[in-house]
Visitor: 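Would you mind keeping the following structure in view while I ask a few things?
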Amino acid sequence: MRYSEMFLPTIRELPSDAEVVSHQLMLRAGMIRRLANGIYSYLPFGYRAIRKVEQIVREEMNKAGAQELFMPMVQPAELWQESGRWQLYGKELLRFKDRGEREFCLGPTHEEVITDIVRNEVKSYRHLPRNLYQIQMKFRDEVRPRFGVMRCREFAMKDAYSFDADYAGLDMSYQKMHKAYCNIFSRCGLEYRAVEADTGSIGGSSSHEFMVMAQTGESEVVYCPQCQYAANMEKAEIAKPQDVAPLNANKFLPMEEIYTPNVRTIEEVCNFLQVSAKDVVKTLIMVADGNPVAILIRGDEDVNEIKVKNYLQCAEIELADETTIMSVAGSPRGFVGAVGIKCRVIADYSLLGAGNVVMGANKEDYHSKNANPGRDYDVKEFADLRVMHDGDVCPRCGSLIRIVRGIEVGHIFKLGTKYSEKLRAVFLDAEGKERVMIMGCYGIGIGRTVASSIEQNHDESGIIWPMAIAPFDVIITTVNINDELSHSRSQQLYDELSAAGVDVLWDDRNERAGVKFNDADLLGIPLRITIGPKKISENIVEIKERKSGAVTEIGFSEICSKVLEVKRKLLG
RNA sequence: CGGGGCGUAGCGCAGCUUGGUAGCGCGCCUGCUUUGGGAGCAGGAUGUCGCAGGUUCGAAUCCUGCCGCCCCGACCA
């Protein structure tokens, strides 16, 4: 492609409303333009990167035995009513009516449609397993779209769905996808980690997120440098403490009520009573599917709501409102404790062996000191309910864990029968018995993958593409396009490289060298060949690697094979 | 949905307090010079000042309503 003919509008100045690097650089490098809130167009340069990622995804998915198909983005309400998600999905599901007043939605995902297709066509175990995928636009009416293409409303996603006859089959399908995802993200040149994840509202038994490591990532993940354990924050397990000394009732001090006017937060309690947060018990009243429950945790720890939700196996969980707190504790927020509380009580492991603690007295403006379990209040259940933090140890091997930030680019789930049951996707097994198909689903955010590569690979001057997903392999920078020899040699090289299957952008614009060099750096094309008037008269050109900055001078006749060699090397 | 901020040329912004016919930088167009890290000189084009209403002789500026966008929070496959 000739730069002078390409639609490639670069921006010199920083766009004011772009927060993260990938968003800024994608705008500046002429990759994307915003159409509406959370809705973006990909311009030619950006779309080339998208296509490269898609191609890698296709190759690896096909290699893993999946088959590509293409499903509609507009989906009828009936299907969603059948799965029950028409009610459950909430406002992220964009709904509308056609001219005949029939209800539709824009697909935020395609479990319903794929299950409908498969249930209509697959009736026998002989036709299982199957894995079908597509690369399609999804629409999710996000509460707050941001970070450009990272968290937007309309986005391209590769979604695959597996159908198996039994759970052993699902395990195999899942493993194949896990492997394929590793191949995909490795080939894209990303530093990533597969972490255990909570299955969330999509349901199912097991799940991994593929996280690209980046400071600007929206979620935190923990991993163990010693063993293989890795999980996201919601899921990160904390082992039950082993060597906890049993409470000795002889050491119990008499419980006292202390007047603590307007002292509500843990911090205020600590200051007022001159105690450490570790001696205070935090009592949170939560409502799980309508039932109040008290969660006890050490004052310096935080409750992980997902863990509570999973422990209680409830559908909804939220902090209780003032009225509910009043009715179970008899006191307002800030003075709640376990003594005499009128609801189920669950304590975090951090309270195992804790005695003579401070907690709310369930009486406005009072706290209790030297409260003790067994004597003053009852705790029958202990569980892992807290948020992991620095200093915690690996639940598998006991080494210190690490916490890093990441961007979720892929997510795989074992769905089980959640959709196949609702939509009656059944088949006959070898004995002629009807059985429900076992499903898995597997997603990759295409645009997000491109954006996360930029988050991971850039410098002050611009993007630094890995060869595998770079929009072009090489840029030829002709320093002075009006110099006849420079022009003819550039043309010759451009033709030669193109014929050899290299994606080459030839900067043939009548611009000053500085402008071209800066654009080349901004665009981040892995290799730059500079053709200048002096050097080319001696048959010499320069080749510069964007990533290392290393410059090599080389004879004109050897440049083409050199490029092919370096390209091969950079593709690994 | 709550809190904060912003809307003026393609982009980035000033002007608004104190009302008087719209400005800067970049970009764009023309010409000449220049050509290895975002050139110089000369000339030029470009605006429903987000929208609607109100106050006023007169509104980008003051008032009211609406719309859009950004940030923080809540939420979230």
Side-chain angles (χ1 to χ4, degrees), chain A residues 9-20 23-24 27-28 30 33-39 85 88-93 107-112 138-148 150-153 155 157-159 197-204 207-210 218-219 232 234 305-306 309 316-319 408-413 415 418-419 441-445 448 460-462 477-484 486-487 507 509-523 528-537 540-542 544 549 551 553:
Chain A
T10 59
I11 299 172
R12 191 179 294 189
E13 291 170 70
L14 247 195
S16 68
D17 49 7
E19 209 63 15
V20 296
H23 189 195
Q24 293 168 353
L27 286 169
R28 290 190 51 209
R33 288 295 182 263
R34 198 188 71 105
L35 179 64
N37 191 14
I39 301 179
R85 285 160 113 191
L88 290 175
Y89 216 94
K91 286 192 177 169
E92 283 188 20
L93 185 64
T109 172
H110 282 73
E111 279 83 9
E112 280 80 0
K138 307 285 183 205
F139 192 94
R140 291 180 192 169
D141 203 352
E142 284 280 346
V143 188
R144 186 147 92 84
R146 58 190 132 169
F147 306 141
M150 288 274 244
R151 189 173 196 77
C152 52
R153 297 195 293 174
F155 55 98
M157 179 168 163
K158 187 285 304 179
D159 49 324
D198 189 73
T199 49
S201 61
I202 212 160
S207 168
H208 284 84
E209 287 174 347
F210 286 77
E218 284 193 271
S219 41
N232 70 11
E234 295 175 343
E305 287 191 24
I306 303 288
K309 188 175 164 186
E316 289 296 329
I317 186 134
E318 56 183 357
L319 281 170
E408 182 187 347
V409 289
H411 203 158
I412 59 179
F413 294 87
L415 281 179
K418 180 166 173 164
Y419 297 95
C441 75
Y442 317 91
I444 290 179
R448 219 181 237 205
E460 323 75 56
S461 313
T477 301
T478 306
V479 173
N480 184 350
I481 199 70
N482 299 314
D483 177 67
E484 234 167 82
S486 298
H487 188 281
D507 194 345
R509 293 174 300 169
N510 187 15
E511 287 286 352
R512 299 176 63 83
V515 173
K516 297 189 181 195
F517 290 145
N518 280 308
D519 273 335
D521 289 346
L522 173 62
L523 296 177
R528 186 185 88 196
I529 296 167
T530 310
I531 298 189
K534 284 197 205 89
K535 297 266 171 61
I536 197 62
S537 66
I540 290 172
V541 297
E542 253 173 44
K544 181 176 181 182
V551 180
E553 291 194 351

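As the structure is a prediction and not an experimental result, all values here were calculated from the model. Every chain is numbered from 1, with letters handed out A, B, ... down the list of sequences.
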Visitor: Between A:Arg153 and A:Lys516, name the one whose nearest nucleotide on RNA chain B is closer to the 5' end.
Guide: A:Lys516

Visitor: Is any N or O donor-acceptor pair between the side chain of A:Arg144 and the base of B:rC71 shorter than 3.5 Å?
Guide: no

Visitor: Using Watson-Crick or G-U wobble geometry with both distances under 3.5 Å, which nucleotide pairs with B:rG36?
Guide: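 When the pairing criteria are applied, nothing turns out to pair with B:rG36, so the answer is none.
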
Visitor: Which part of the nucleic acid does A:Thr530 contact within heavy-atom distance under 4.0 Å: base, sugar-phosphate only, or nothing?
Guide: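 Contact class for A:Thr530: base.
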
Visitor: Distance from A:Cys152 atom SG to A:Arg140 atom CZ, nearest 0.5 Å?
Guide: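 CZ of A:Arg140 is found 10.5 Å from SG of A:Cys152.
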
Visitor: Scan every strand shown for a Watson-Crick or G-U wobble partner of B:rG68, both distances under 3.5 Å, and answer none if you come up empty.
Guide: B:rC6

Visitor: In whole angstrom, give the distance that lies between atom CZ of A:Phe155 and atom P of B:rC76.
Guide: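 Whole-Å distance recorded here is 16 Å.
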
Visitor: When both hydrogen-bonding distances must be under 3.5 Å and the geometry is Watson-Crick or G-U wobble, what is B:rC28 paired with, if anything?
Guide: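 Paired with B:rG44.
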
Visitor: So what does A:Glu92 touch, heavy atoms closer than 4.0 Å: a base, only the sugar-phosphate, or nothing?
Guide: sugar-phosphate

Visitor: Could you check which nucleotide pairs with B:rA14 in any of the strands shown, counting Watson-Crick or G-U wobble with both distances under 3.5 Å?
Guide: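 Its partner is none (no Watson-Crick or G-U wobble pair with both distances under 3.5 Å).
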
Visitor: For the side chain of A:Asp519, counting heavy atoms from C-beta on, which of B:rA77, B:rG38, B:rG37 is nearest?
Guide: B:rG38

Visitor: Taking atom P of B:rC70 as reference, at what distance in whole Å does atom CG of A:Leu14 sit?
Guide: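 Result: 17 Å.
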
Visitor: Considering every strand shown, what is the Watson-Crick or G-U wobble mate of B:rA74 when both distances are under 3.5 Å?
Guide: none

Visitor: Using the P atoms only, state how far B:rC11 lies from B:rA74, rounded to an integer number of Å.
Guide: 33 Å

Visitor: Under 4.0 Å from OP1 or OP2 of B:rA39: is there any side-chain N or O of A:Arg512 that close?
Guide: yes

Visitor: Check whether the side chain of A:Lys544 and the base of B:rG37 form a donor-acceptor pair under 3.5 Å.
Guide: yes

Visitor: Taking CG from A:Leu93 and P from B:rC75, how many angstroms apart are they, rounded to a whole number?
Guide: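 In whole Å, B:rC75 P and A:Leu93 CG are 21 Å from each other.
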
Visitor: Among the nucleotides B:rG37, B:rA77, B:rC26, which one has an atom lying closest to any side-chain atom of A:Ala513?
Guide: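 For A:Ala513, the side-chain atoms sit closest to B:rG37.
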
Visitor: Sticking with atom C1', work out how far B:rA22 lies from B:rC49, rounded to a whole angstrom.
Guide: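 That atom pair is separated by 8 Å.
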
Visitor: Taking the C1' atom of each, how far is B:rU30 from B:rU46, in whole Å?
Guide: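 About 15 Å, rounded to a whole number of Å.
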
Visitor: For nucleotides B:rG54 and B:rA14, find the distance between their P atoms and express it as a whole number of Å.
Guide: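 One P to the other, the span is 30 Å.
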
Visitor: If you check every side-chain atom of A:Arg528, which of B:rC75, B:rG37, B:rA77 has the closest atom?
Guide: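 Per side-chain heavy atoms of A:Arg528, the pick is B:rG37.
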
Visitor: With respect to A:Lys516, which candidate in A:Val479, A:Asp507, A:Asp521 satisfies the side-chain contact (heavy atoms from CB on, under 4.5 Å) definition?
Guide: A:Asp507

Visitor: Searching all strands shown, indicate the nucleotide that pairs with B:rC57 (Watson-Crick or G-U wobble; both distances under 3.5 Å).
Guide: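 Check on B:rC57: paired to B:rG20, both distances under 3.5 Å.
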
Visitor: With a non-hydrogen cut-off below 4.0 angstrom, is A:Lys91 in contact with a base, only sugar-phosphate, or nothing?
Guide: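 Contact class for A:Lys91: none.
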
Visitor: Could you check how far CD of A:Glu318 sits from P of B:rC76, rounded to whole Å?
Guide: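 Taking CD of A:Glu318 and P of B:rC76, I get 10 Å after rounding.
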
Visitor: Is there a side-chain polar atom (N or O) of A:Asn510 under 4.0 Å from OP1 or OP2 of B:rU34?
Guide: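 False: A:Asn510 side-chain N/O out of range (4.0 Å or more) of B:rU34 OP1/OP2.
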
Visitor: Salt bridge or not for A:Glu553 and A:Lys535, using N-O below 4.0 Å?
Guide: yes

Visitor: When you compare B:rC67 with B:rU48, how far apart are their C1' atoms, in angstrom units rounded to a whole number?
Guide: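 Comparing C1' positions in B:rC67 and B:rU48 gives a spacing of 16 Å.
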
Visitor: Any N or O donor-acceptor pair linking the side chain of A:Asp521 to the base of B:rG37 at under 3.5 Å?
Guide: yes

Visitor: Can you tell me how far apart CG (A:Leu93) and CG (A:Leu88) are? Round to the nearest 0.5 Å.
Guide: 11.0 Å

Visitor: Hey, does the side-chain of A:Glu13 have a donor or acceptor N/O within less than 3.5 Å of a partner on the base of B:rG27?
Guide: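 Side chain to base: no pair below 3.5 Å.
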
Visitor: Would you state whether a donor and an acceptor, one from the side chain of A:Glu511 and one from the base of B:rG38, lie under 3.5 Å apart?
Guide: no

Visitor: Expressed in angstrom and rounded to an integer, what is the separation of A:Asn518 atom CG from B:rG37 atom P?
Guide: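 The distance from CG of A:Asn518 to P of B:rG37 comes to 10 Å, rounded to the nearest Å.
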
Visitor: Between A:Glu234 and A:Glu305, does the side chain to side chain contact (heavy atoms under 4.5 Å, CB included) criterion hold? Intermediate values first, please.
Guide: CA-CA 8 Å; A:Glu234 295 175 343; A:Glu305 287 191 24; over 6 Å; no

Visitor: Determine the interatomic distance between P on B:rU18 and the same-named atom on B:rU61; round to the nearest Å.
Guide: 14 Å

Visitor: Less than 4.5 Å apart, side chain to side chain, heavy atoms only: is that true for A:Asn518 and A:Leu522?
Guide: no

Visitor: Atom CD of A:Glu92 and atom NZ of A:Lys138: how far apart are they, to the nearest 0.5 Å?
Guide: 14.0 Å

Visitor: Looking at B:rG10, does its base get a donor-acceptor pair with the side chain of A:Arg33 below 3.5 Å?
Guide: no

Visitor: Students often get this wrong, so: under 4.0 angstrom with heavy atoms, is A:Arg28 touching a base, only sugar-phosphate, or nothing?
Guide: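 Base, at least one base heavy atom under 4.0 Å.
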
Visitor: From CG of A:Leu27 over to P of B:rG12, roughly how many Å is that when rounded to an integer?
Guide: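 Answer to the nearest Å: 10 Å.
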
Visitor: Where each residue is assigned the nucleotide of RNA chain B containing its nearest heavy atom, which of A:Val409 and A:Lys535 is assigned the position nearer the 5′ end?
Guide: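 It is A:Lys535 whose nearest nucleotide is closer to the 5' end.
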
Visitor: B:rA77 P sits how many Å from A:Leu415 CG, rounded?
Guide: 14 Å

Visitor: How is A:Glu19 classified with respect to the nucleic acid when contacts are heavy atoms under 4.0 Å: base, sugar-phosphate, or nothing?
Guide: sugar-phosphate

Visitor: Taking the P atom in each of B:rG50 and B:rG15, what is the distance between them to the nearest angstrom?
Guide: 15 Å

Visitor: For A:Asn232 and A:Ser219, test the side chains for any donor-to-acceptor distance below 3.5 angstrom and give the result as yes or no.
Guide: no

Visitor: From the set B:rG36, B:rA77, B:rC69, return the single nucleotide nearest to any side-chain atom of A:Arg34.
Guide: B:rC69

Visitor: Looking only at atom P, what distance separates B:rU34 and B:rC70, rounded to whole Å?
Guide: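 B:rU34 and B:rC70 have their P atoms separated by 47 Å.
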
Visitor: Between atom CZ of A:Phe413 and atom CG of A:Asp198, what is the distance when rounded to the nearest 0.5 Å?
Guide: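 Here the interatomic distance stands at 9.0 Å.
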
Visitor: Taking CD from A:Glu218 and P from B:rA74, how many angstroms apart are they, rounded to a whole number?
Guide: 13 Å

Visitor: So if I take every side-chain heavy atom of A:Glu408 and compare against B:rC69, B:rC26, B:rA77, which nucleotide ends up nearest?
Guide: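 For A:Glu408, the side-chain atoms sit closest to B:rA77.
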
Visitor: Less than 3.5 Å between a donor and an acceptor, one on the side chain of A:Asn482 and one on the base of B:rU35, is that the case here?
Guide: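 When only heavy-atom distances are counted, A:Asn482 does reach the base of B:rU35 through a donor-acceptor pair under 3.5 Å.
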
